[in-house]
Amino acid sequence: MTKAHVWRKPDGMSIVFVLLSVIILVFILAPLVKTVGSSSPGILWNTLLEEEVYFSVLLTVYAAVIATLVGLFLGVPLAYLLARHEFWGKRLLEGLIDVPIVIPHSAAGVALLFVFGSNFFAGGIFHTIGISFFNSVAGVVIAMMFVSIPFLIDSAKEGFKAVDVRLENVARSLGASPWSSFFRISLPLAWRSIFAGSVMMWARGASEFGAVLILAYYVPFFGHYARVAPILVADRFASFGLEYAQPVTAIVISISLIVFIVLRTIAYRGQKA
Amino acid sequence: MIVIKNLKVDVGDFLLQDINLTINSGEYFIILGPTGAGKTILLEAIAGLYPVLGGEVWIDGKEVIRLSPEKRRIGIVYQDYMLFSHLSVEENIAFGLKLRKCHKGKVKEKVNDIAEVMGITHLLHRKPQSLSGGEKQKVALARALVVEPAVLLLDEPLSALDPETKERMQSTLRDVHRRVGITVIHVTHDFEEAIALGHRVAVLNDGRVAQVGTPEEILRKPASEFVAHFALSRNIFNGEAEEGEDGHAFVDIGGIKLATVTELTGKVRLSLRPEDIIISKEPLHSTARNCIQGVVSDIAHRGAVVYVTVTLPPEFICLITRQAFEELELREEVSVWITFKASAVHVF
């Protein structure tokens, strides 16, 4: 009953490509598996219950979620405009949006401080309404947002591009206002790309180190002081060494992996329905 | 009534300009033009979906050029259907009604009514992705018609369909137009479609309206190269199709009966490509079911080919190679036989 094809000697290119692929896959997976697998579940659990770790994880998840929500609110309209309109300087603008991805993130943090520090431009305005970005949760949020929003904008833009503008035309002809056609047609049809972009943005934001380090290293968070998880990992390694940093690292990797897999599964299931 | 005055639109590579058209209420109006003539953009400009440089569009006595599309009372159906893939067929059709804050029961009633007219009641709970091309086009039509627009704009609605479905959709369109009595503007590059469906036809050429008239007028006095080429490259007849069997039927075209392959009956048009006709001095014994005697009435040389007009009457234009022409030793007023297959005759 097997459907085996007639055996033929594999060609040289296939063999070489498979071997190279195995090497890169091992390179990607080995550190992750080794780190997570080296601690017993008991040790991991106890580490997670440490107040410092616990609040660090909460802060990271919470700030990345806020950053993503703000990113959705401000980034989706821009993505839509970019997908729908041609204008002079569009290429340049699209390049600029991706700049946060290519510059060193510590530099991004310094640059943010120059605008959002309380004695500077935007920071001053926010300061008068009681929001400070230096060593505060708000600072964590804008640092994460700055370095991760390109992922959301790019993905949402591709999503909107894939929605034929004539679908919106039909909706308009049927009596839909621009708002209505956007929320009933364009947004639902581009939703998977926007969701995928949000997942990427969240994941990238949650793993941000450099910009957060400059802007908001240690912040008051629900009556405690906390650092985001990537900084906590680095601090534990710097202060206490590899062995002590390992359980925290394992937790951070596990949580990232679980969230990522769950969200991707949701997105994938939507595709099948 | 739709009146278009001096409409001017930038299509990108060229301008649509001096577009002046009057379309009567209930008329089936065709805009015919070659691919790339800006036909779709003209429709979108009428619908308010494409910016115009100038001119006026009047819909039922109201100037709408500054109105947004949703306020113009137009329905638009595109070649590739443009169904909302995240909604069911029923939700697609109900889309416009729901925007109008229609009562729920009323929505259901209207959707069911139009679905029945279009013959798609059994599809209401399906998703658009699972439908065939013809079914999708019916859903798109139903969705546009259910909100009772003042005019229905059809953008190449048959071009994406296979020939058989296309023929059926053509009669569906004619039927629906008769039952609903709506004004239709239908753009196409297909000449046969135009003369099969249109009460009147406007020919678009080089960004301007080259000609407006009934299909007969357009065919008899073609004002553009595009139309003339078509008229010359087709034999077109009016006829009366008899009740046939198994899809075969005889069509009477004024004295002579042609064997054809069609399901249609009553008044029809026929077209026959000149290259599908064989000329011979003696009757041919072949499987081709049409073999008729006539007289050569005109000969026109066109390089390697020759157009030979054979009068029965009516006149048939035949295309043969120069070599065949010389072997047959054709001259005017020579008696010949013309032979063609029943399936070569296109009935519409």
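Lettering follows sequence order; numbering is per chain, from 1.
- Annotation for F209(A): atom CZ counts as buried by contact number, over 12 foreign heavy atoms lying within 6.0 Å.
- When side chains are defined from C-beta on, M82(B) does not count as touching N169(A), because their heavy atoms never get closer than 4.5 Å.
- F14(B) CZ: more than 12 foreign heavy atoms inside a 6.0 Å radius.
- By the 6.0 Å contact criterion, CD on E56(B) is enclosed, its count of non-hydrogen atoms from other residues, nucleotides or ligands being greater than 12.
- Counting all heavy atoms, side chain and backbone alike, L99(B) lies closest to S180(A) at CD2-OG, 3.2 Å.
- Neither the backbone nor the side chain of L97(B) comes within contact range of chain A; no heavy atoms are under 4.5 Å apart.
- Using a 4.5 Å cut-off between heavy atoms, I76(B) contacts chain A through both its backbone and its side chain.
- For the pair R100(B) (side chain) and L174(A) (backbone), a donor-acceptor distance under 3.5 Å is present.
- Enclosure of atom NZ in K71(B) is not indicated, since only 12 or fewer non-hydrogen atoms of other residues, nucleotides or ligands lie within 6.0 angstrom.
- Taking both residues in full, the closest heavy atoms of L167(A) and F84(B) are given as O-CE2, 3.5 Å, listed atom of the first, atom of the second, then distance.
- Put simply, the side chain of S173(A) does not reach to within 4.5 Å of the side chain of R72(B), judged on heavy atoms.
- The shortest heavy-atom contact between P188(A) and H86(B) is CB-CD2, 3.4 Å.
- Residue Y62(A) qualifies as open at atom OH: its count of foreign heavy atoms under 6.0 Å is 12 or below.
- Using a 4.5 Å cut-off between heavy atoms, R143(B) contacts chain A through both its backbone and its side chain.
- With a 6.0 Å radius and a threshold of 12 heavy atoms from other residues, nucleotides or ligands, F87(A) has its CZ atom above the threshold.
- A donor and an acceptor atom, one from each side chain of Y78(B) and D164(A), are nowhere located under 3.5 Å apart.
- Other residues, nucleotides and ligands place no more than 12 heavy atoms under 6.0 Å from the NE2 atom of H103(B).
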In sequence, state the C-alpha distance, the side-chain angles, and the governing distance for R184(A) and F95(B), and then conclude on side chain to side chain contact (heavy atoms under 4.5 Å, CB included).
CA-CA 9 Å; R184(A) 285 163 189 264; F95(B) 186 84; 3.9 Å; yes

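- Of the inter-residue distances, the one linking D80(B) atom CG with R166(A) atom CZ reads 4.0 Å to the nearest 0.5 angstrom.
- Contacts between S181(A) and chain B at a heavy-atom distance below 4.5 Å are absent for every atom of the residue.
- Residues R172(A) and S68(B) come closest through the heavy atom pair NH2-CB, 3.7 Å.
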